[in-house]
Amino acid sequence: RYAHTLKGVAGNIGAEEVQQAAAALESACKENSTPQKLDQMLEQVAAALSPMLAGLAVLEQAGRVTQTQDQAVDLEKRDALVMQLRALLEDDDTDAADVIEQLEEMAGTGDHTRVLQQLATAIGEYDFDQALAELDTLESVWKEG
């Protein structure tokens, strides 16, 4: 099933080598080929995918660099949201999740996605003390940076 899906997606984006390798793997699976042959077909799929994945990684990194350069962090807005977030957390208010979404959408906060997600998780679990601790961590990282 995965080989079939990969074959279709590869065909849709014009990745002919990947499409052909996935088609060969799909056929080998349907024919109940030996594990050795399946391994060989899977290696061919991985070899065809490797340069595409490397190219996508380069594009993703270039996009991050461009986004960081093009969009400076609005420190005033960020600090206001952090103050609002702290007040909501101190009041055990789940509206804090909305503020986290706003912070995640801001330019320049992408590097801190993990901490923001931990904050959101703590709020979702009504663990406001943990959320406040995560917020303290986030603020200290921002002050250093």
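Every heavy atom of this structure was used, including side-chain atoms; hydrogens, water molecules and symmetry mates were not. Everything numeric here is computed off the predicted structure, so don't read it as measured data.
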What pair of heavy atoms forms the shortest contact from [X] to [Y], and how long is it?
| X | Y | value |
| --- | --- | --- |
| Leu89 | Ala131 | CD2-CB, 3.7 Å |
| Leu116 | Ile100 | O-CG2, 3.7 Å |
| Arg86 | Asp136 | NH2-OD1, 2.7 Å |
| Glu134 | Val115 | O-CG1, 3.7 Å |
| Ala48 | Val18 | O-CG2, 3.5 Å |

All pairs passing side chain to side chain donor-acceptor pair (under 3.5 Å) where residues 10-19 contributes a residue, at least two apart: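 Sorted pair list comes back empty.
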Grouping I, L, V, M, F, W and Y whenever their side-chain heavy atoms are under 4.5 Å apart, do Tyr2 and Leu53 come out in a common cluster?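 No, it is not one cluster - the side chains of Tyr2 and Leu53 are not joined through contacts under 4.5 Å.
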ILVMFWY cluster, Phe128 and Met83 together (side-chain gap under 4.5 Å):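 Hydrophobic grouping puts Phe128 apart from Met83.
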Is it true that a side-chain atom of Ser140 and a backbone atom of Thr137 form a donor plus acceptor pair closer than 3.5 Å?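 Checked: pair present.
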Working to the nearest 0.5 angstrom, can you tell me the gap between [X] [atom1] and [Y] [atom2]?
| X | Y | atom1 | atom2 | value |
| --- | --- | --- | --- | --- |
| Leu6 | Leu49 | CG | CG | 5.5 Å |
| Arg78 | Leu138 | CZ | CG | 7.5 Å |
| Leu132 | Asp127 | CG | CG | 9.5 Å |

Working for side-chain contact (heavy atoms from CB on, under 4.5 Å), residues Gln84 and Leu81: CA-CA 5 Å; Gln84 180 184 3; Leu81 287 172; 3.8 Å; yes
Evaluate side-chain contact (heavy atoms from CB on, under 4.5 Å) for Ile123 paired with Leu88, printing each intermediate quantity in order. CA-CA 10 Å; Ile123 292 166; Leu88 290 168; over 6 Å; no
Do any side-chain atoms of residues 22-39 form donor-acceptor pairs under 3.5 angstrom with protein atoms, and if so which ones, sequence neighbours left out?
| residue | atom | partner | partner atom | Å |
| --- | --- | --- | --- | --- |
| Glu26 | OE1 | Lys7 | NZ | 2.8 |
| Glu26 | OE2 | His4 | ND1 | 2.8 |
| Ser27 | OG | Ala23 | O | 3.2 |
| Ser33 | OG | Ala28 | O | 3.0 |
| Thr34 | OG1 | Lys37 | N | 3.1 |

Derivation of the side-chain contact (heavy atoms from CB on, under 4.5 Å) call for Thr94 and Tyr126: CA-CA 8 Å; Thr94 57; Tyr126 304 103; 3.4 Å; yes
Please enumerate all residues that pass side-chain hydrogen bond (donor to acceptor under 3.5 Å, both in side chains) together with Gln40, with sequence neighbours excluded.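 Listed in chain order: nothing, the list is empty.
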